[in-house]
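Heads up, the thing below is written out as C-alpha cells.
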Amino acid sequence: MLTMNAIDTIVRAALEEDAPWGDLTSQVLIPADADATAQLVARESGTFSGGAVFASAFRLTDPRIVVRLLVADGTAFVAGDALAEVSGSARGILQAERIGLNFVQRMSGVATLTAQYVAETVGTRARIVDTRKTTPGLRVLERAAVRDGGGHNHRFSLSDAVMAKDNHLAVLTAGGLNLTEALRQVRDRISHTTHLEVEVDRIDQIEPVLAAGVDTIMLDNFSPDDLREGVRLTDGRALVEASGGVSLLTVRGIAETGVDIISVGAITHSVRSLDLGLDIAILTEG
C-alpha cells in the first residue's frame, strides 16, 4: 500500500531534481514575505488520484504551506471543478507547483483511463489489473492510481509470486522434462502460500499446465473464441487471466468470454497526463 514514507521519498527526489539550489525565478521576482492562495482546477473531466502526493510537494518545500483537498482519491470530477486549495508562502507555492502538478496529473490520468476500462467490464466477472509496465521508480504511485480508478493490482514485483512466461518455460523444459512434470517440480519447491501463474499461448498447452496445479493460467494473445474455449477447459481449476491485444475497443468482448482477470499494460505505460492547473487566486505582501 502507499505510505507517507514512500510518497515523501519519491517527492523529495523530484523536488531536489527540479530545484537543486532553490527556485531562482521566485527568489528574484517574489518578495520573501508574500503569501498566496491557489486552487487546483480541472481543465477536463476525469478521476482524481494523488491528493497526498500533491500535498507532499508543498509540505516538503515549506511546512507552513497548507493544502486542503476538496475531493478524495477515486472521485470523478468535471472540467471546472476545484480539487484542492493551497495557501501560504508565495515563493514556496510557486516552487512546488510543477512537481505537485506533474504527480497529480499523471496519477489522475492513470486513474481516469483505468476507470474507463473498468466501466467497459461492468456486468462481467472480469477484473481489470495492471502490469509491471510502470514508470521506473514510480510504480507504487501508479499502482495506487490504478486502484483509485477501480482497477486491481497484479504482483508488485518479481519477488511477489512465481510467474512463468514463454522464455521461462523454454528454459525449464530444455532438459527433457515435459511441461507438467517441470511445473510440478516448481510447485514442490515453493511455499504453499506462494502464488504460481503460468502463461500459455496455445490451446494445447492449457491441460498440461493445469495438471501441474497452477493457481492462475494466463492466456496470452488468444482470440475471443479461444479465450472462451480456454475458460471452458479450465473449468474453475485455476483463475483465468487474459493478456495481450487489450484496448478500450476490445476489452468488453474479452470480459464477456468469462475470464477472471484482464491485465492491461496501457493503463500505466500509455496513459496521458490529465490537464489540471494551479490557479493563483490572491497574492498579498506581508
Side-chain angles (χ1 to χ4, degrees), residues 1-2 44-50 73-76 103-158 160-168 195 197-201 214-231 234 238-274:
M1 298 298 290
L2 188 58
E44 60 180 315
S45 300
T47 299
F48 189 65
S49 180
D73 287 349
T75 301
F103 281 122
V104 77
Q105 287 177 320
R106 172 75 180 178
M107 292 180 68
S108 294
V110 171
T112 299
L113 184 57
T114 301
Q116 292 170 359
Y117 274 91
V118 170
E120 290 295 324
T121 65
V122 170
T124 73
R125 66 191 296 171
R127 282 185 168 192
I128 297 296
V129 307
D130 51 25
T131 71
R132 285 171 42 245
K133 296 176 182 177
T134 54
T135 307
L138 300 184
R139 181 173 297 174
V140 67
L141 301 186
E142 293 175 352
R143 288 287 175 88
V146 167
R147 296 193 298 273
D148 290 336
H152 298 266
N153 299 143
H154 214 296
R155 59 174 178 164
F156 184 80
S157 70
L158 293 174
D160 296 331
V162 176
M163 185 171 171
K165 305 191 82 171
D166 52 356
N167 287 337
H168 298 101
H195 196 91
E197 177 168 359
V198 178
E199 174 193 82
V200 301
D201 51 24
V214 303
D215 301 299
T216 300
I217 186 165
M218 178 194 290
L219 309 183
D220 187 45
N221 283 301
F222 276 44
S223 68
D225 286 344
D226 285 345
L227 284 173
R228 204 168 283 108
E229 177 63 7
V231 170
T234 302
L239 294 172
V240 180
E241 176 179 341
S243 179
V246 184
S247 70
L248 285 171
L249 295 177
T250 63
V251 68
R252 180 70 191 184
I254 293 171
E256 289 176 342
T257 66
V259 297
D260 302 289
I261 302 158
I262 304 175
S263 51
V264 188
I267 58 178
T268 53
H269 75 61
S270 296
V271 70
R272 177 181 65 81
S273 292
L274 226 57

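Start at 1 with the first residue, then count along the sequence.
Within the model, atoms OG1 of T121 and CZ of R252 stand 7.0 Å from one another, a figure rounded to the nearest 0.5 Å. Taken to the nearest 0.5 Å, the CZ atom of R132 stands 13.0 Å off from the NE2 atom of H269. Of the inter-residue distances, the one linking K165 atom NZ with E199 atom CD reads 5.0 Å to the nearest 0.5 angstrom. Of the inter-residue distances, the one linking R139 atom CZ with S157 atom OG reads 7.0 Å to the nearest 0.5 angstrom. I254 CD1 to E120 CD: the interatomic distance, rounded to the nearest 0.5 Å, is 11.5 Å. L227 CG to T234 OG1: the interatomic distance, rounded to the nearest 0.5 Å, is 10.0 Å.
For the side-chain hydrogen bond (donor to acceptor under 3.5 Å, both in side chains) with D130, the qualifying choice from R143, H154, R155 is R143, the only one to do so.
The two residues A255 and T124 have their closest heavy-atom pair at CB-OG1, 3.5 Å. Of all heavy-atom pairs spanning T112 and G46, the tightest one is OG1-CA, 3.4 Å. For the residue pair S49 and D148, the shortest heavy atom distance occurs at OG-OD2, 2.6 Å. When all heavy atoms are compared, the tightest approach of V146 to T114 is O-CG2, 3.5 Å. Heavy atoms only, all atoms of each residue included: T257 and R228 are closest at CG2-NH2, 3.8 Å. Here the closest non-hydrogen pair linking L113 and I267 is CD2-CA, 3.8 Å.
By the 4.0 Å N-to-carboxylate-O rule, R127 lies too far from D260 to be salt-bridged with it. Using a 4.0 Å cut-off between charged side-chain N and carboxylate O, E142 and R106 make a salt bridge.
T131 places no side-chain N or O within donor-acceptor distance of the main-chain N or O of V264, the cut-off being under 3.5 Å. With D226 contributing its side chain and F222 its backbone, the two residues share no donor-acceptor pair below 3.5 Å. A donor-acceptor pair under 3.5 Å links the side-chain atoms of D73 to the main chain of G50, judged by distance alone.
Residues V240 and I217 meet the side-chain proximity criterion, which asks for heavy atoms closer than 4.5 Å. Taking the side chain as every heavy atom from C-beta outward, V200 and L219 approach each other to under 4.5 Å. Side-chain contact between D201 and N221: absent, with no pair of heavy atoms (C-beta onward) separated by less than 4.5 Å. Side-chain contact between V231 and V259 is present, with heavy atoms from C-beta onward closer than 4.5 Å.
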Does the pair F48 and V104 meet the rule for a side-chain contact (heavy atoms from CB on, under 4.5 Å), with working shown? CA-CA 8 Å; F48 189 65; V104 77; 3.5 Å; yes
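Defined by atom type and a distance below 3.5 Å, a donor-acceptor pair is present between the side-chain atoms of E241 and S263.
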